[in-house]
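Just so we're on the same page: letters track the sequence lines, and every chain starts at 1.
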Amino acid sequence: MTNAIQKLYPSTKMSIVLAVILFTLMMPGYISQYSVFPIFIIIAFISGVGTKFLSAFIKSIFVLVLFIFVFQCFLIPSDTVIWSKGILTLYKEGLEASLLMTSKIIAISSSLIWFFLVTPIKDMMFALEKAGFSKKFTFVIYSTIQLIPQMKKLSQTILEAQKSRGIETEGSLMIRLKAFLPMLGPLVLSSIQQTEEKVLALEARAFSATVRKSSYYQMSKKPVDYLVISVIFIGFMIFVWWRFFK
Amino acid sequence: MSMITMKNVYYQYPLEKEQVLKNINLSIEKGKVYGLVGHNDAGKTTLCNVIRGFIPSFYRGKLTGEIELDGKTIQEYSMGDLATRIGYSFQNPFTQISGVKETVFEEIAYGLENLGTAPEVIGEKVRELIAMFKLDALQEKNPFELSGGQKQRVALAAIIALDPEVIVIDEPTSQLDPQGTEEIFKIIDLMKKKGKTIILVEHKIDLIAAYVDEVIVMSQGEIKMIGKTSEVFTNKEVLTYGGQLPQVALLSLALQNAGITMPTIPITLVEAQQAIEKILSREV
Ligand SMILES: Nc1ncnc2c1ncn2[C@@H]1O[C@H](COP(=O)(O)OP(=O)(O)O)[C@@H](O)[C@H]1O
Ligand SMILES: [Mg+2]
């Protein structure tokens, strides 16, 4: 955690995300939206999370975008045919719709992926609590963020147990499904049970106390945070003026 | 002075046919250490949950009878209040971890944060506890990556951080090696010296004999025996409830049956040594 960008206050980083979202929605067309993505690749590398950013993007958004393209361009028939071969036909309207849609998805999601990669959960929780959100709210956020890695770990443990009992867990889709489906029961059950027990663990740590929670971990907005926010704000105002009033 | 009193307490878990606690009458004196013993499923954990108020606020079911803490019925306390008055260390090590903190240090600090303690005070207290529990090497580790025994030690530290008057500890040493066990008992002893009231569920009979003031024997949801450790642990009745007696007590009882009169029935090794020395000097 030595990177200056990672050390920015969470709301500073969030304001960048907000600016990107508003820009994406206010800007017509798709070219400027698509250019957000390469910019964020650069920002991600400067923030020290370049490879993580690319891998997260390809694993999640890229697949979604590909799906939208195939679905919109080839499967929804419309008037203008651009290209056709055999059973495949590419329609102009579909292509345009998917370009518009995916450009926005890519721009917004790349800013969000970047945000979550460069903002430690700890910082996020601190900022939320500081901003006056209740313990319960931040706890729900935290547990939700933790849910996926925890489920992953749990399912790995169950898979290993199955393997050691001689159940095949690797190979064709059918074999994997056969190994995976019986796992769902225990996975869901133990997740529920863990939540139940966690409530008690939290209670033992005075979670219900009515006083305002304090934090041992402290962070604060630095001059650079105010600078970044000002730059974003002024930049965005200029954009709004250029877009709507010029 | 009585810290906790229970009168005619019965409890039945939801959807269960049988009562798990039956006719519990109990008076826990302030500043004493109680050893709660009994066979598996005797109802020890359930009794702890009643004392802590998790029954019936968390586990529903049918609870009857009177339970008082420090002169007020337990229902008069708010949930937050109870947390600072009764510390509870759970039997299951996986239940112990809050799951919202990334290091052992922060895990111990969490309860104090919930109480709104100032950061400087938190730092000071947590460092003190880390030294006391010998957790220095673990303080930067993620609580999830700890072993069962380590989790339990961290949890106990996190509970003691809140400085509760009563500490309920459910089988703290079941996952610990002899050295770790010894350390937990030293901490219990230290807490006793600070005037805390302690209720300890534990199977290691020799350690209970050495550290505990009073023993409560439970069997099938009932309190069968209660009294001074030296009295309960020299009474063979314990065995009929599936309980155990310290080895030295059993040996001395056997010797007495064989006609060798013992000055007292010892329950710890040290007492046994003294008794034997007495017998030997008598024979000289
Ligand atoms: N949440 C629960 N719901 C229903 N029955 C329970 C629950 N927890 C414990 N019991 C039952 O209550 C009895 C006493 O359990 P417990 O208090 O855990 O005993 P001990 O701690 O002495 O081993 C057991 O028969 C157990 O099966
Ligand atoms: Mg138990």
Among the listed options B:Gly99, B:Ser78, B:Gly87, the residue most often paired with chain A at heavy-atom distances under 4.5 Å: B:Gly99
Residue B:Ile86 versus chain A: region with a heavy atom under 4.5 Å: neither
Between A:Tyr216 and B:Tyr110, ring centroids under 6.0 Å: no
Residue among B:Ala83, B:Pro119, B:Ala109 with most heavy-atom pairs under 4.5 Å to chain A: B:Pro119
Heavy-atom contact with chain A under 4.5 Å, split by part of B:Ile97: backbone
Residues from residues 15-26 of chain A approaching chain B under 4.5 Å (heavy atoms): none
Heavy-atom proximity to chain A below 4.5 Å, by part of B:Leu115: both
More than 12 heavy atoms of other groups within 6.0 Å of B:Glu124 CD: no
Option in B:Val121, B:Val126, B:Thr117, B:Thr84 with maximal non-hydrogen atom pairs under 4.5 Å from chain A: B:Thr117
B:Asn92, part contacting chain A, at a heavy-atom distance under 4.5 Å: side chain
Heavy-atom contacts under 4.5 Å, residues 47-63 of chain A to chain B: none
A:Lys130, NZ atom: more than 12 neighbouring heavy atoms under 6.0 Å: no
A:Phe67 atom CZ: more than 12 heavy-atom contacts under 6.0 Å: no
Inter-chain contacts: residues 59-74 of chain B against chain A, heavy atoms under 4.5 Å: B:Tyr59
Those residues of residues 200-215 of chain A, ordered by number, that approach chain B below 4.5 Å (heavy atom to heavy atom): A:Leu200, A:Ala201, A:Leu202, A:Glu203, A:Ala204, A:Arg205, A:Ala206, A:Phe207, A:Ser208, A:Ala209, A:Val211, A:Arg212, A:Lys213, A:Ser214, A:Ser215
Residue part contacting chain A, namely of B:Glu106, when any heavy atom lies under 4.5 Å: side chain
Nearest heavy atoms of B:Glu113 and A:Tyr217, plus distance in Å: OE2-N, 4.3 Å
Over 12 foreign heavy atoms within 6.0 Å of CD, B:Glu18: no
Residue part contacting chain B, namely of A:Lys122, when any heavy atom lies under 4.5 Å: both
Region of A:Phe139 in contact with chain B, defined by heavy-atom distances below 4.5 Å: side chain
Toward chain A, the part of B:Ala161 with a non-hydrogen atom under 4.5 Å: neither
